[in-house]
Q: 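Sharing a structure, written as structure tokens. Questions coming.
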Amino acid sequence: MDYKSVSVQTISRLPKYLNYLKAQSKGNSQNISATMIAEALGLNDVQVRKDLSLVSDGGRPKIGYLIDELICDIEHFLGYDDTHSAVLVGVGNLGRALLSYSGFDEYGLDIVAAFDINESLIGCKINGKQVFPLNKLMDLCKRMQIKIGIITVPSKEAQNVCDILVHSGVQAIWNFAPVHLNAPSDVLIQSENMACSLALLSKHLSEKLSKPQ
Ligand code: NAD
């Protein structure tokens, strides 16, 4: 399929479709319509139809999509069928949790090694992934042509780690430290900031609780 340029919003909805489709693929029906997906996920069906038409040409009038084919099309579009090796830097509470999660392979992400400055962690294995000293990061990334780096160090260390990753040839960074990172424009920084989601929850609650009952 010849992909047209797809918006960030559409890309962020695709994993939701995928999760739902995978659950449905275990059921009796082989087909699904955009309307059914929209209803199940509380989305607008015109939007869902448009999103799916951008990544799959398998939709048929009155029949919908073959579920397994649509799963393959979405996975292919997102690059999940092409595994990318990643390294993780910072083996603390969050780093260990990410290393211990075995579900990333479904998203084409394989964390092959971890790095830390804490000597007591060096040589440990977490979920089969070895922890190396930080001074080995650049060499391993270059040797294994690693393109994804995951940052789970304290905020004040994050820019330094980001710089090392960039110099090591990493092209995409998944950053969990709540700090803005500077990198060349061809390096994608995807930051996860829980404070943003929590701010929405907190604001919603304070508005509800301040209203007279
Ligand atoms: P942590 O203190 O438990 O772990 C940090 C780890 O990074 C330690 O093992 C430390 O030795 C290592 N480290 C420090 N400087 C380093 C460097 N320059 N190079 C390599 N390793 C280095 O912290 P945490 O709770 O895992 O949080 C890590 C980051 O993720 C923080 O920025 C935090 O704000 C963010 N975060 C954490 C959570 C959470 O649930 N724990 C949630 C959201 C965001």
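Bear in mind the structure is a predicted one, so any value in this text is a computation, not a measurement. Counting convention: from 1, in listed order, for ligands and their atoms alike.
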Q: List, ordered by chain and residue number, the protein residues whose closest non-hydrogen atom lies under 4.0 Å from any atom of ligand 1.
A: Val89, Gly90, Val91, Gly92, Asn93, Leu94, Asp116, Ile117, Asn118, Leu121, Leu134, Thr152, Val153, Pro154, Ser155, Glu157, Val161, Phe176, Ala177, Pro178, Met194
Q: Under 3.5 Å, sequence neighbours excluded: what are the donor-acceptor pairs made by side chains of residues 115-122?
A:
from	atom 1	to	atom 2	distance (Å)
Asp116	OD1	Asn118	N	2.8
Asp116	OD2	Val91	N	2.6
Asn118	OD1	Ser120	N	2.9
Asn118	OD1	Ser120	OG	2.7

Q: Could you work out, with ring-ring contact (aromatic ring centres under 6.0 Å, His included) as the rule, every residue matching Tyr20, not counting sequence neighbours?
A: none
Q: For Lys16, does the NZ atom have more than 12 heavy-atom neighbours from other residues, nucleotides or ligands under 6.0 Å away?
A: no
Q: Side-chain donor-acceptor contacts of residues 33-46 below 3.5 Å, not counting sequence neighbours, with atom names and distances?
A:
from	atom 1	to	atom 2	distance (Å)
Ser33	OG	Met36	N	3.1
Thr35	OG1	Arg49	NH2	3.0
Asn44	OD1	Val46	N	2.8
Asn44	OD1	Gln47	N	3.1

Q: Flag yes if Ile63 and Ile32 sit in one hydrophobic cluster, no otherwise; membership is Ile, Leu, Val, Met, Phe, Trp, Tyr, and two members link when side-chain heavy atoms are under 4.5 Å apart.
A: no
Q: For residues Leu66 and Tyr17: do they belong to one hydrophobic cluster (side chain heavy atoms under 4.5 Å, members Ile, Leu, Val, Met, Phe, Trp, Tyr)?
A: no
